[in-house]
Amino acid sequence: QAQLVESGGGLVQAGGSLRLSCAASGRTFSRYAMAWFRQAPGKEREFVAAISWTGGSIYYAASVKGRFTISRDNAKNTIYLQMNSLKPEDMAVYYCAAKQAVVVPTTPLEYDYWGQGTQVTVSS
């Protein structure tokens, strides 16, 4: 059974950095598009970043572009989200997601597999 496990969340001051990881197991995700979403209390789950299975296509939400970087290591079945210049509004539970697709989706409903999430807290 496919499983995604996020790690790397925590408490950081505004302006700081965190690196999230998402390790996939149970199947080979090398041909899967993968993404990061986040959900703050009382808000809908929102797109953060996505990457094609080759790594050749990358997409970011406007709110994180220039501050966050998504990457993947297919040999390790792992994707990463480097988050720099964190702001209080970045505080949320961050989820990774996967879908076997060539075209990279950017909406939650299009993804088939989800991790349990990791909390990112940004203090002002």
Side-chain angles (χ1 to χ4, degrees):
Q1 188 171 354
Q3 187 175 21
L4 301 176
V5 179
E6 303 94 337
S7 61
L11 172 64
V12 64
Q13 287 188 333
S17 299
L18 282 175
R19 188 194 195 204
L20 305 184
S21 299
C22 172
S25 62
R27 61 177 59 232
T28 300
F29 281 85
S30 60
R31 293 188 179 269
Y32 281 65
M34 298 189 73
W36 290 97
F37 290 82
R38 67 187 181 187
Q39 189 166 18
K43 295 188 176 181
E44 294 187 351
R45 192 166 297 190
E46 67 172 357
F47 170 73
V48 175
I51 187 168
S52 63
W53 71 270
T54 65
S57 295
I58 290 176
Y59 304 91
Y60 295 101
S63 58
V64 307
K65 198 168 187 179
R67 300 186 297 120
F68 291 10
T69 302
I70 188 171
S71 61
R72 68 188 297 161
D73 184 339
N74 286 340
K76 295 182 178 180
N77 260 4
T78 300
I79 68 166
Y80 306 94
L81 185 68
Q82 177 66 44
M83 305 186 295
N84 298 328
S85 303
L86 282 160
K87 304 175 181 180
E89 52 263 42
D90 295 318
M91 186 161 57
V93 177
Y94 283 70
Y95 299 89
C96 71
K99 178 180 177 63
Q100 189 173 21
V102 174
V103 176
V104 181
T106 58
T107 61
L109 288 177
E110 297 178 273
Y111 281 86
D112 300 317
Y113 300 99
W114 290 87
Q116 291 301 306
T118 185
Q119 175 71 48
V120 171
T121 302
V122 183
S123 64
S124 56

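Every value quoted in this text rests on a predicted model; they were computed, and no experiment measured them.
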Rounding to 0.5 Å, atoms OH (Tyr95) and CD (Glu46) come to a distance of 12.5 Å
When every non-hydrogen atom of Ala101 is compared with those of Val103, the smallest separation belongs to CB-O, 3.4 Å
Identify whether Trp114 and Met34 are in the same connected component of the hydrophobic contact network (ILVMFWY, side-chain heavy atoms under 4.5 Å).
no
Rounding to 0.5 Å, atoms CZ (Phe37) and OG1 (Thr106) come to a distance of 7.0 Å
Could you list the donor-acceptor pairs under 3.5 angstrom formed between side-chain atoms of residues 64-71 and any protein atom two or more places apart in sequence or on another chain?
residue: Arg67; atom: NH1; partner: Ser85; partner atom: O; Å: 2.9
residue: Arg67; atom: NH1; partner: Asp90; partner atom: OD2; Å: 2.7
residue: Arg67; atom: NH2; partner: Ser63; partner atom: O; Å: 2.9
residue: Arg67; atom: NH2; partner: Asp90; partner atom: OD1; Å: 3.0
residue: Arg67; atom: NH2; partner: Asp90; partner atom: OD2; Å: 3.3

What one should report as the nearest heavy-atom pair of Ile79 and Cys96 is CD1-CB, 4.2 Å
| field | Joint hydrophobic cluster, Leu81 plus Ile58, side-chain heavy atoms closer than 4.5 Å | value | yes
Those residues at least two apart in sequence (or on a different chain) that pass salt bridge (Lys or Arg N to Asp or Glu O under 4.0 Å) with Asp73 are none
Query raised in the report: Between Glu6 and Leu20, does a side chain to side chain contact (heavy atoms under 4.5 Å, CB included) hold up when you go through it step by step?
Result: CA-CA 7 Å; Glu6 303 94 337; Leu20 305 184; over 6 Å; no
Should we say atom CD of Gln119 is surrounded by more than 12 heavy atoms from elsewhere, each under 6.0 Å from it?
yes
#### Entry: Parallel, tilted or perpendicular, as decided by the 30° and 60° cut-offs, for the rings of Tyr113 and Phe29
perpendicular
Closest heavy-atom pair, Ser21 versus Tyr80, reported as atoms and distance to 0.1 Å, is OG-CD2, 3.4 Å
Do the side chain of Asn74 and the main chain of Thr54 share a donor and acceptor less than 3.5 angstrom apart?
-> no
On a heavy-atom basis, the closest approach of Arg72 and Ser52 is NH1-O, 2.9 Å
OH of Tyr111 to CG of Leu4, rounded to nearest 0.5 Å, is 11.5 Å
Residues Val120, Arg38; criterion side chain to side chain contact (heavy atoms under 4.5 Å, CB included); working and verdict: CA-CA 9 Å; Val120 171; Arg38 67 187 181 187; over 6 Å; no
Hits for salt bridge (Lys or Arg N to Asp or Glu O under 4.0 Å) against Arg31, two or more places apart or cross-chain, chain-then-number order -> none
Are the ring centres of Tyr59 and Phe47 closer than 6.0 Å? no
d(Asn77 CG, Tyr32 OH) to nearest 0.5 Å is 10.5 Å
Nearest heavy-atom contact between Pro108 and Arg45 is CG-O, 4.0 Å
OG (Ser123) and CE (Met91) are apart, to the nearest 0.5 Å, by 9.0 Å
Note: Val104 and Ala50 closest approach over all heavy atoms is CG1-CB, 3.4 Å
